[in-house]
Amino acid sequence: MKGKKLPPGLHRDTLAIRAGIAPSQYGENSEALYLTSGFLQPDAETSAHRFANPQEGYTYGRTSNPTVTGFEQRLAAMEGTEAAIGTSTGMAAILLLGMGLLKTGDHVICSRSVFGSTLNLFAKEFGKFGVQSTFVSQTDLHEWKAAVRPNTKLLFAETPTNPLTDVCDIQALADIAHGAGALLTVDNCFCTPALQRPTELGADLVIHSGTKYLDGQGRVMAGAICGPEKLVNDVFAPIVRTAGMTLAPFNAWVVIKGLETLGIRMQAHCANALAVARFLAAQPAVTRVYYPGLESHPQHALALRQQSGLGGPIVSFDVKGSDPDTLRRNAFKVIDSCEVLSIATNLGDTKSIISHSATTSHGRLSEEQRQAAGIGQGLVRLAVGLEHVEDIKADLQRGLSKL
Ligand SMILES: *Cc1c(COP(=O)(O)O)cnc(C)c1O
């Protein structure tokens, strides 16, 4: 469907507000929400034509919807990709990616530190259909190179990782992928296009969980794949039409409005996160802070280069303690002493969220697997929100001063 006519060369903050579909005949200034499952056809001939060529007009909500198109065009403009396709959740986007690019006998190389459900999707669910996956270090390029096989079709990375904020070199991974005749996909959930645009660094496709910062206010589930028109229109769109991981128009509309403030929200999340990271680094009860914006982070320079000079919105830290039991008790004390922060496991909200990774997102791993992943019982993750930073610090101080 045709996008709104805009002059070339607009800045991304402008595209976040202006890109999308044209207004309806009523001239609404705020994007319309088209809540409908079906679309009227002017005559049988046009209907037949649209069913054969879904790009030409709307037919049925599983295939597409003008509000969803508006979201797709806006997100693609912000990522700098030719196209995007919306999905019901971030995981549905990764499912769609796999269904579109992989078949029995194909091989995937994926960072060991990606989102837990992503690991399960590749290893377990795609494994059932004979797709092989190798999981490698987030940061050791030699491991990625050594894992390449003749049947490698896809490299998949997420940067920075959750909860330890390890950063991978997108450009270097793109070179490895292309040398192997494979595609590189980057899950850009944590940085969003406001900070990091993976295709500018050589990635072929970008995954989003719109549930996180794109909405930014913790309201709806959404996802997307951004990439070249040829893949989006010819490979992914027909699968959504057949398999139905369609983005709901209401959710698309919420995220469209979220995108308008993404740039300023991400700047504010990062400013708060850096201040909180510096505060934590000075606490005697904190033994280590994981934040790419701190000079102490092992990939600090790379992170700033890839992420528009900012550290991102997620900060993790280890509290002190001599053994796993004490570490867990101390982490729980910090979490339970919070009177403002939310105890929850999602992220990407205006509300700051505090969580204990070892018993939530990584609770299904064995203690050995957790040790290998570097996720100890004393680790606390913060998705730093937009409250006044002094109130966030004071809330953390309540528990820290008891240790
Ligand atoms: C949350 C998340 C996902 C999955 O998104 P949903 O919308 O919850 O399905 C994928 N990747 C990352 C990095 C995430 O944080």
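Note: hydrogens, waters and symmetry copies are ignored here, and every other heavy atom, side chains too, is used. First listed ligand is number 1; within each ligand, the first listed atom is number 1.
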Looking at R12 and E200, is any side-chain nitrogen of the basic one under 4.0 Å from a carboxylate oxygen of the acidic one? yes

Any carboxylate oxygen within less than 4.0 angstrom of a Lys/Arg side-chain nitrogen, looking at R398 and D395? yes

Assess the pair H269 and Y213: is the distance between their ring centroids shorter than 6.0 Å? yes

Does the ring centre of F317 sit less than 6.0 Å away from the ring centre of Y290? no

May I ask whether A92 places a heavy atom under 4.0 Å from ligand 1? no

Whether D187 lies under 4.0 Å from ligand 1, heavy atom: yes

Show me which atoms of ligand 1 lie under 4.0 Å from any heavy atom of A222. 7 (O)

Going by the atom numbers of ligand 1, which of them fall below 4.0 Å from some non-hydrogen atom of F190? 13 (C), 15 (O)

Looking at [atom], what's its closest protein heavy atom, distance included?
atom                    : answer
atom 15 (O) of ligand 1 : K212 NZ, 2.7 Å
atom 5 (O) of ligand 1  : S209 OG, 3.0 Å
atom 8 (O) of ligand 1  : M221 CE, 3.7 Å
atom 4 (C) of ligand 1  : F115 CE2, 3.5 Å

Taking distance alone, with N or O pairs closer than 3.5 Å, would you say M91 contacts ligand 1? yes

Taking atom CG of L35 and atom CH2 of W253, what is their separation to the nearest 0.5 Å? 9.5 Å

The test is side-chain hydrogen bond (donor to acceptor under 3.5 Å, both in side chains); show your working for Q138 and E158 and say whether it passes. CA-CA 8 Å; Q138 170 82 355; E158 178 188 313; over 6 Å; no

Of F115, F126, F122, which meets ring-ring contact (aromatic ring centres under 6.0 Å, His included) against F156? F122

